[in-house]
2 protein chains.
Amino acid sequence: MDLFVSKYINKIDKKGRVSLPSSFRNVLPKANRNEIILYKSIKTSSIEGCGVGRLKEIAKRINNLDFFSEDYDDFSTSIFSEIITTNIDKEGRFLIPEELKLYAGIKTEAAFFGQGHYFQIWEPKKGLKNTEDSRRRLLNEKKSLRMMLTQQK
Amino acid sequence: MDLFVSKYINKIDKKGRVSLPSSFRNVLPKANRNEIILYKSIKTSSIEGCGVGRLKEIAKRINNLDFFSEDYDDFSTSIFSEIITTNIDKEGRFLIPEELKLYAGIKTEAAFFGQGHYFQIWEPKKGLKNTEDSRRRLLNEKKSLRMMLTQQK
DNA sequence: CATATACCCATTGACGCCCATATAATCCCA
DNA sequence: TGGGATTATATGGGCGTCAATGGGTATATG
């Protein structure tokens, strides 16, 4: 499986270390299996993460923008300076930077949510609530979608 | 990781020395790991820096501008004639030239912002404000930051 | 000679590496 | 197929190393 899936809740120890779920580690390419990137989620109060490969993709895309445009600066500032790389130790653990923990309200436990090509890290309770909310939204949309489809004029 | 990423705030000591963040040092090729180039940012009141290898890339970018435009002269003058090479000591520190410190308003602390293939040095408060402004522009006006981060392949 | 800069050494705290354990998952063979 | 044996995972803690910082001294450069 080469996608981040499922949900895990792991403890943060006194040193601030937390295990990246084993199944997530296996998604990372064997070459860069000891490094991930983290950044603040744009829409939610969670941390998002993925392997460094995605970052290189992004770098390539930004590099294609006009070098002297304002967009170029805005993207590289908002992305590169906000991204944090963190190393994974031999036991599969890593440190969540203090700034990101504050942003997500994480203290003693971290909830990992697979999101396909990336994953999210939540304070457990907030994460569960977010799951419920998004499920509810989905059901509502489905309802209106079905209405739209079946409604004949 | 071969990109300048993340953000660091380091102190400038009495002698004017400041540590180049360790992760930035590692981006520099092992061959020229004791030398970087610095120049005034064209668009912001910050200092930009990178390894000497990137000079060629900068030259290429400028060359792509219309040769007879005013911009061409302005850019090549502003950049090439103002470039300063600086040595990094065995502890990973370097001196920020007085002129550049004045330009950026830097006094006791320097904030390093990764920008992918180069980095910026800001007076900390100005740098943080710039990050906020930059992010606001992207979120409000373009709405494309999320695409940049989540788009696949 | 005076100032600036490079080199050397020291300190502190953070982080990586190693070892250890408990629990869970998997295996493997009689 | 049952059940003991092996392996993997999550977690805890000791300790050495490295990064950031401070300062003394030699050296260069005008």
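So that the names make sense, note that chain A is the first sequence line, chain B the second, and so on, each numbered from 1.
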A:Lys11 side chain near D:dA10 phosphate (N/O to OP1/OP2, under 4.0 Å): no

Would you tabulate the pairs of protein nitrogen or oxygen atoms and nucleotide nitrogen or oxygen atoms of nucleotides 16-19 of chain C closer than 3.5 angstrom?
unit_1, atom_1, unit_2, atom_2, d
C:dG16, O6, A:Lys15, NZ, 3.4
C:dC18, OP2, A:Lys90, NZ, 3.3
C:dC18, N4, A:Glu91, OE1, 3.3
C:dC19, N4, A:Glu91, OE2, 3.3

By nearest-nucleotide position on DNA chain D, the 5'-leaning member of A:Asn10 and B:Val18 is A:Asn10

Taking atom P of C:dA14 as reference, at what distance in whole Å does atom CD of A:Glu98 sit? 11 Å

Do any side-chain nitrogens or oxygens of A:Ser22 fall under 4.0 Å of OP1 or OP2 in D:dT9? yes

So does B:Lys43 have more than 12 non-hydrogen atoms from other groups sitting under 6.0 Å from NZ? yes

Nearest-0.5 Å distance, CG of residue A:Leu20 to OG of residue A:Ser23: 8.0 Å

Bend across the helix from C:dC1-D:dG30 to C:dA30-D:dT1, to 10°, with axes taken over 5 pairs at each end? 50°

Rounded to whole Å, how long is the line connecting atom OH of B:Tyr8 with atom P of C:dC15? 11 Å

If you check every side-chain atom of B:Asp13, which of D:dG12, D:dA19, D:dG22 has the closest atom? D:dG22

Is it true that A:Lys60 and A:Glu57 have a side-chain N and a carboxylate O under 4.0 angstrom from each other? yes

Where do N or O atoms of nucleotides 24-26 of chain C meet protein N or O atoms at under 3.5 Å, pair by pair?
none

Which residue, A:Phe94, A:Phe113, A:Phe119, A:Tyr118, forms the ring pair (Phe, Tyr, Trp, His ring centres under 6.0 Å) with A:Phe24? A:Phe119

Is the shortest side-chain N to carboxylate O distance from A:Glu91 to A:Arg17 below 4.0 Å? no

Roughly how many Å is it from CZ in A:Arg25 to P in D:dA8, rounded to a whole number? 12 Å

Is there a side-chain contact between B:Arg135 and A:Glu82 (heavy atoms, below 4.5 Å)? yes

